[in-house]
Amino acid sequence: MTSAHFEPSGALRGDYTPPADKSISHRAALFGAMCDEPVPVRNYLDSADTRSTLAALLKLGAGVEEADNDVVIRGVGLRAPLEATGGLLDVGNAGTLMRLLPGWLAGQPGGVWTLDGDESIRRRPVDRVAEPLSAMGAELEAREGRFPPLVVRGAQLSGIEYELPVASAQVKSCVLIAGMLADGSTTVSEGAQSRDHTERLLRRARVPFERDGLRLTVSQVDELELDEVVVPGDPSSAAFVIAAATLVPGSRVVVTGVDLNWTRTGFLRIAARMGAVILGDLEEPGTEADAEPVGELDVASAPLEGTVVEPAEVPTAIDELILVALLGAFAEGETRVSGARELRVKESDRIAGVVEGLRGLGAEIESTDDGFVVRGDGAPLRGGVIDARGDHRMAMLGAVAGLASSGGVKVVGMDAAAVSYPGFERDVHALVD
Ligand code: S3P
């Protein structure tokens, strides 16, 4: 574990391109592995999480060729005599892999696999995927009925109608993937819109698929046909730089090549409501497109005021809510987030982490059951020490807090950032030098 110091910085200035999107990289590789023809994935994210996906697919018999920022996935087909039956698949820290992969494996009659990962993944629930996949006919066994390791015994699946108990793109995606292998059709509905990258890819892979608001139906299919996938920049990674440029006076950063899919840009709308200056061609909320919209954002520092984040907004900003807390600590007035209980089962308990972490840096912040309340007076945080708790996004939160603080921040466990963003420190320093 490494520590890093982030001293109060001068303004962030210049052009910035975030790393490739993690969610889309995982999905592109997985869908590529389910195809019969090779699928080039351009700008595949090079990070610990997305390497776990490539390693798992290799173990399942797919081919992976890497060249610069691209990978070519040589798939084994949707219904494959998957190799490594009986084997252990190590997902590392990757929750998305842990939740999406069982959707594919569950539909392979006769196959048996065990999915396991690091200490953090072992604390994260998998009953949320075991339940719908069991209802479809597969057999799944989780430790204490709830946690990894997860054993998946594949079967010929039957389509179901499933209402998601929590808005989760990971669970939704798992059921949709299983639905491609299941007899008949499979319908998933969610209570609030979560990220829709899987839906967009299904259409592009020519899978029979229908969207009716928050109700999605996929039908059984023989094969997937996917042309190349070009992965746009990750708005969740970019959000750390956007927050830093908003908070550090005099900053002006142009973010290029970033995914502006409206199901990922909730944070930008919340920040703008707080007074942040973020100009760009965001995709209109409610858009049902098949391609990922990519664009530019022009961000300048601005004074902020508190806001209320409603539960319906939570899924489109889920990974950025810790940054809403940080903006709230620098803003004038109260910022309140509710309906975000899911934060308790992310890579760490992010409600506990952000509340204890920012309090240690001087913030007035309290947790609630399903969120937090933070009060600021428009002055910068004092600074101090924050523990990343092994969570990549908590590490980067601490770094941004340090740049904007009056006294600097030491982040304990900064190396966790490599899970999604290995070049984070280099990119930030390039903007402040
Ligand atoms: C993800 C979905 C989100 C998010 C995670 C990535 C995905 O989780 O927090 O970092 O790629 O589908 P849930 O939708 O399960 O909350």
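One-based numbering, in listed order, for ligands and for the atoms of each. Treat the numbers as computed from the prediction; the structure is a model and nothing was measured.
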Min N/O separation V171 to ligand 1 under 3.5 Å: no
Plane angle bin for F240 and F424 - parallel if under 30°, tilted between 30 and 60°, otherwise perpendicular: perpendicular
N or O pair under 3.5 Å between R99 and ligand 1: no
Numbering as shown, the atoms of ligand 1 that approach I318 to under 4.0 Å (heavy-atom distance): 9 (O)
Under 3.5 Å: N/O of T96 near N/O of ligand 1: yes
Close approach, H26 and ligand 1, non-hydrogen under 4.0 angstrom: no
Nearest non-hydrogen protein atom, atom 1 (C) of ligand 1: Q170 NE2, 3.5 Å
Short N-O contact, R51 and E66, less than 4.0 angstrom: yes
Which residue and heavy atom of the protein sit nearest atom 11 (O) of ligand 1, plus the separation: S23 OG, 2.7 Å
salt_bridge(R153, E141) N-O dist < 4.0 Å: yes
Heavy atoms from other residues, nucleotides or ligands near CD of E119 exceed 12 (cutoff 6.0 Å): no
Residue part near ligand 1, for S194, under 4.0 Å between non-hydrogen atoms: neither
Shortest protein heavy-atom distance from atom 14 (O) of ligand 1, along with the residue and atom involved: A169 N, 2.7 Å
Atom 8 (O) of ligand 1: nearest protein contact (heavy atom, Å): K346 NZ, 3.0 Å
Distance-only N or O hit between ligand 1 and S168, under 3.5 Å: yes
Candidate with minimal heavy-atom separation from atom 7 (C) of ligand 1, of E320, K22, R27: R27
SB check E65 R74 (cutoff 4.0 Å): yes
Those atoms of ligand 1 less than 4.0 Å from some heavy atom in D319: 4 (C), 5 (C), 9 (O), 10 (O)
Residue of the set D259, N261, T265 for which side chain to side chain donor-acceptor pair (under 3.5 Å) holds with T263: N261
Distance (rounded to the nearest 0.5 Å) between L115 CG and L105 CG: 6.0 Å
N-O pairing of R344 and D369 below 4.0 Å: no
E366 bridged to R375 by N-O distance under 4.0 Å: yes
